[in-house]
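Written below as structure tokens is the structure these notes are about.
Below, chain A is the first sequence line, B the second, and so on; all start at residue 1. Here the structure is a predicted model, which means the values were calculated and not measured.
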There are 4 protein chains.
Amino acid sequence: MTTAAVQDISALADFGIEVPSWAYGNSGTRFKVFTTPGVPRTPFEKVADAAEVNRVTGAAPRVSLHIPWDKVDDFSSLASFAADHKVALGAVNSNVFQDDDYKLGSLTNADKRIRAKAVAHHLECIDVMRATGSKTLKLWLPDGTNYAGQDSIRARQDRLAESLQEIYAGLDADHTLLIEYKFFEPFFYHTDIPDWGTSLLHCLALGDQAKVVLDTGHHAPGTNIEFIVAQLIRQNKLGAFDFNSRNYADDDLIVGAADPFQLFRIMHEIVSVGAHLPTSGINFMLDQCHNIEPKIPGQIRSIMNVQEATAKALLVDASALEKAQIDGDILGAHAVLMDAYNTDVRGLLADLRESQGLDRDPVAAFARSGYMERVETDRVGGQQAGWGA
Amino acid sequence: MTTAAVQDISALADFGIEVPSWAYGNSGTRFKVFTTPGVPRTPFEKVADAAEVNRVTGAAPRVSLHIPWDKVDDFSSLASFAADHKVALGAVNSNVFQDDDYKLGSLTNADKRIRAKAVAHHLECIDVMRATGSKTLKLWLPDGTNYAGQDSIRARQDRLAESLQEIYAGLDADHTLLIEYKFFEPFFYHTDIPDWGTSLLHCLALGDQAKVVLDTGHHAPGTNIEFIVAQLIRQNKLGAFDFNSRNYADDDLIVGAADPFQLFRIMHEIVSVGAHLPTSGINFMLDQCHNIEPKIPGQIRSIMNVQEATAKALLVDASALEKAQIDGDILGAHAVLMDAYNTDVRGLLADLRESQGLDRDPVAAFARSGYMERVETDRVGGQQAGWGA
Amino acid sequence: MTTAAVQDISALADFGIEVPSWAYGNSGTRFKVFTTPGVPRTPFEKVADAAEVNRVTGAAPRVSLHIPWDKVDDFSSLASFAADHKVALGAVNSNVFQDDDYKLGSLTNADKRIRAKAVAHHLECIDVMRATGSKTLKLWLPDGTNYAGQDSIRARQDRLAESLQEIYAGLDADHTLLIEYKFFEPFFYHTDIPDWGTSLLHCLALGDQAKVVLDTGHHAPGTNIEFIVAQLIRQNKLGAFDFNSRNYADDDLIVGAADPFQLFRIMHEIVSVGAHLPTSGINFMLDQCHNIEPKIPGQIRSIMNVQEATAKALLVDASALEKAQIDGDILGAHAVLMDAYNTDVRGLLADLRESQGLDRDPVAAFARSGYMERVETDRVGGQQAGWGA
Amino acid sequence: MTTAAVQDISALADFGIEVPSWAYGNSGTRFKVFTTPGVPRTPFEKVADAAEVNRVTGAAPRVSLHIPWDKVDDFSSLASFAADHKVALGAVNSNVFQDDDYKLGSLTNADKRIRAKAVAHHLECIDVMRATGSKTLKLWLPDGTNYAGQDSIRARQDRLAESLQEIYAGLDADHTLLIEYKFFEPFFYHTDIPDWGTSLLHCLALGDQAKVVLDTGHHAPGTNIEFIVAQLIRQNKLGAFDFNSRNYADDDLIVGAADPFQLFRIMHEIVSVGAHLPTSGINFMLDQCHNIEPKIPGQIRSIMNVQEATAKALLVDASALEKAQIDGDILGAHAVLMDAYNTDVRGLLADLRESQGLDRDPVAAFARSGYMERVETDRVGGQQAGWGA
């Protein structure tokens, strides 16, 4: 067995993962949303929780917002609050799935008034970006239909293209529009942006400021996701990741929990072209729910899982790999990759944290901190945050 | 092209399909539950809506209840109300997914107290059966886990077997326990009854009063459902169907909307052994949601789709089919089946309805009736029924 | 129930479907290739069989060739033979999967010599096109890997782009290059053109003469194929169909056998924008195997299935559909589509055939013709054609 | 992060994995079988190759045979040859998929003569067992159909049950009949034993000597295989594993190559009930092809992958896991499992090998041995073994 000569994972010191504000609120299935004590009631409390994840991992420097869930009267005060807690506000996520008007679609709706409303919501999100300093607008389009014939697939694409043009026109020059695709849900016959090809076509039509966001849970069974990563990077159109795990649907589990080898293969495609470096401009984000497990520890574990996969990818002996590939040495090339994957990087990562002045074990550090007990006591009364608010 | 010599679908006159009370209430996805005017607020109003489906189709003689959603102070008055509306109360469905106690499982929970509570709920459902005259208890077990290692798969099977024994012991001699399986959801790593094999093993361990219920939406991609139907009938263990359509997950769409040919193949397995006759004891039920389409018309369409598939199955020329099969005439045998499927049976069904004193077109009859407008006016105030109530 | 006022399927008189020469040869699985008497031994005999399909259906005017399987000394004599049999030679299909050199890839191979060889094969195919008068080169790229790390996904895309440029440069001005995608097989970890997005990106990079070919069996489970059809037409990049049926993998069954409703939905997207008309330039082809059923009747059935699906699509009441869609009448719009699908069009098609001077029933006409018995007697000795020859 | 206090993997010293004779012969896809120098031409040469795998790993003590591919005039001399090479002959695998008679089925065929022939083949295999000393007959039933209606699903189950009774009656008292299930292929509409439920039902009908064999590649997408393992063990009906990897279909790749975490979860279910011990009677076998990679090294890697997964499973801190599970500590329980999985066990396994007098690195040991060069030189002429012989 060979091992990488040098185990250098120092690039991870600058590798930040953005966390979603909604991970700290309640979430669930259509069957039940379980609640737990201590869940945030306001965007400020969500940011505080996210800051705790960053405090113990040193790797979660930004928090994504979701509008309207994270609407506040004064976004600059939210940004200051975040800065005080040593995190920044990140991407702004729009929401066109919770208004009764959007039952038959938002940016694709046959009704011009509703399309205009959905466009206006995005322009409002751009205003939030200006207020928070965020440079990224993320658009997951939930539109689709449940029955064959319900609406014209073709007409909806045309309407979508037009709506996107209007949103794109509202961006500032340093803004990026991220367009997310999803295989299915919340509609079950067809989805208006179901795959990376559709997302990319709209981005190409819009221009350089539009890029694709790849949610690891949004693909058909058996899809080779690392292939899509490689393809989008090759087109210079990979704008961001939404990391989570999927076994069946868009299960939104802790990233790396379902298939840690897949996460490693994805990070290998990233690392092999240097796309893990800040200069790549790719935004590595979590997008997941913690339906039953504690939310802050769930986020910490997720951050650590991405770090472990990335560390392993950094350990791949690139020149040995390339040599075996060029030589057509199938098992040899595979073995180079597996050697990195099979390495236990937990100690290396603990060392890295220690060198950064962090606790070697973020999970234990958080448990010891008393934070959870404190918020469980403090956050009594009010309305816990969830997907509806 | 050959056609069946005699187009006799008269067996459909006695073919009743049970409808679910919850189809008339609000439903949706984890993202949004859309509401519409006129939705029932009480079990009585649900039964009234169901009765309307039966009035225009003549084929929906029973209504399944869901406990606690359909809990009333006096079940005998609900049964009388139903009888007055010319329908009967059907299967009683238990619910072990909406109590906070069930976050980690109900009949499989590691906590003995919670298992006892879940068992007690089923005994309460059996009391409801005694009050309503229902003979059928339907148990869909939502239990499962989200993460590998979260609980012991094996221990949960053992606990489940024990819990089921206690429920089974509470049945009257003329009661049937239907055990439903489901591939995934609301948990996403493992499900405690994920497939027909598991459901059947528990039924075999319990005894003759336990049978399997097959929900057409609860299988892995690519599963040949008609094979399972044939196998369960062969074991004399097919207790019931939950009909709906699935494209991706447990999408709960109108049955026959996603794949009408599959529905036909299923009904062909049923008809080819006479299992469509009342004597078979199989309960043909709808289990579906109408998230965005009108609910009563959605149910009417579903009833009609099952009727059309069954009518086509009745038109299969059984002796020609068997001859071609025995002769190894692949295309000939396939053609016999397809000839029945390709026949337009809508006129035959309209004739049958007319012969039963019904309108030839149930959809139009309902639209004309003014029922919807009436309930939209009447049902103002109160809390619309949904999955939570 | 509503029915389309006018049942006009006359457009089908000009709707031709190209048949593959390899459908008439032996085929099978990795486990076994079953043989039957009468299978063609030469390209001439394949063309004769294909001509028989056209004779009885009047709808199969062209035969696709596969090089080297259909290599002959003198292609112009093959073209004359075809013309004498009232069919034309159609698309030329390349083959880069049966040479030992291609074990690790052809156009993507790390070895420059092998890439050049694969390019040269395509240039040879273009020469065949010049000899036969075909205007279409169809490229299915079988390249891929079996193990993570085996080769660089990214480097292979770059090599592929370069190889395709060389092939494209060899086309005449009136030639079209069709690029096919496939989810998996014959490699099982990654495929170099796995999806429509990848195929389209390469076509866009090449130019107007490159278009995508959609094989109905080459998608992940659950993929909404009619969406892809609509999207590719919207981009003016749908070059051709390879029709067949898929239940599990690339099963290559008779088109319409697995899911006739899906075939109808696909043809609805085609018909709704007039893409069924010859002016669209879309090549509607069969690509399927007849592993166990008789091959010529299997092709006849396939042609008829496409015709039936197209006839139903022609019966869709487009204005009623659009009105219901614009009105947001979910069930109404769905019903308009289903009314067309549920119509029995077999009589209409028989009438159309009769009006064309054909037998009303192509299957019976072929059976009666004695052709099969004749070739079973005549084609004795020699080597039956198959995938290897 | 916690780590298991004691890293005891000594149980692996007695953990043997049976290898398939056919892994050493040629294999491929329906598109192409690539050949390589040195491939065995006889069952003796296959056994010699298998013995080499055992020599370097110390963990492959038996070789499965496949009849008729491994038919020899004198099976006792083959058994002696094996013994001389320090391996034993293992399970005997029947083959009912390569005779023209089996086109429409073998044990399920509508033709009584063909069923009798297929039964007789199994009785012949039992005779081979008597000659070789094998105690295990493995039956993978390839039967199925390609088209709806082609044959009666129900009638085929009845015929199958009858055929299996005849085979079972031919077993000696110390023989085991293993019945394998498979989701699809080589037929593509229905398979006669498609899932574990069907296999188990037939085993239950037969008696104690019949058990289920689980091939890790034979499931629908998304199937939780470790659940099935747990369920079959609970029924005392898990007879054997066929290990391999699957990404899409029955891809037959090196076990652990596609999803090493899944392999670990499977071995965790095994280890957690002690089923890895020889007393369990479960036969752990490889069943895979090496289409493009070198075959002996491919087998060595497979053995090592199973060992690594099992070693990790042995490192799971069972009492910590159970405590966290009982406490409902979701993330804690998951973490206990992941701690074992994330451990690098390659050093431990190398130590174990050294303690057994083996080379620490079996791959390197084999490469150094010169065996491959020797057989490439020696095995010239004759017919290389493959699936057809």
field: Under 4.5 Å from a heavy atom of chain B, the part of A:F34 involved
entry: both
query: Step by step, would you call B:R30 with A:E185 a side-chain contact (heavy atoms from CB on, under 4.5 Å)?
result: CA-CA 9 Å; B:R30 58 178 173 149; A:E185 198 204 29; 3.0 Å; yes
query: Do the non-hydrogen side-chain atoms of B:K32 and A:P142 ever get within less than 4.5 Å of each other?
result: no
task: Using a 4.5 Å cut-off on heavy atoms from C-beta on, say whether the side chain of B:H290 contacts that of A:N146.
output: no
- line: Residue set satisfying side-chain contact (heavy atoms from CB on, under 4.5 Å) with B:R379, at least two apart, ordered chain then number -> B:P40, B:R41, B:E45, B:A48, B:D49, B:Y371, B:V375
field: chain B contacts, top residue of A:F97, A:Y189, A:Y147, A:F183 (heavy-atom pairs, under 4.5 Å)
entry: A:Y147
- request: Looking only at non-hydrogen atoms, find the nearest pair between A:K103 and B:T36 and report the distance.
  value: NZ-CG2, 3.7 Å
query: Can you tell which of B:W22, B:W140, B:Y102, B:F187 makes a ring pair (Phe, Tyr, Trp, His ring centres under 6.0 Å) with A:F31?
result: B:W140
- prompt: Is there side-chain contact between A:N247 and B:F184, with heavy atoms separated by less than 4.5 Å?
  reply: no
task: Check whether the ring centres of B:F188 and A:Y248 lie less than 6.0 Å apart, and answer yes or no.
output: no
- prompt: Which of the residues B:D250, B:V33, B:D99 is involved in the greatest number of heavy-atom pairs with chain A at under 4.5 angstrom?
  reply: B:D250
statement: Most heavy-atom pairs under 4.5 Å with chain B, out of A:A257, A:A249, A:P186, belong to A:P186
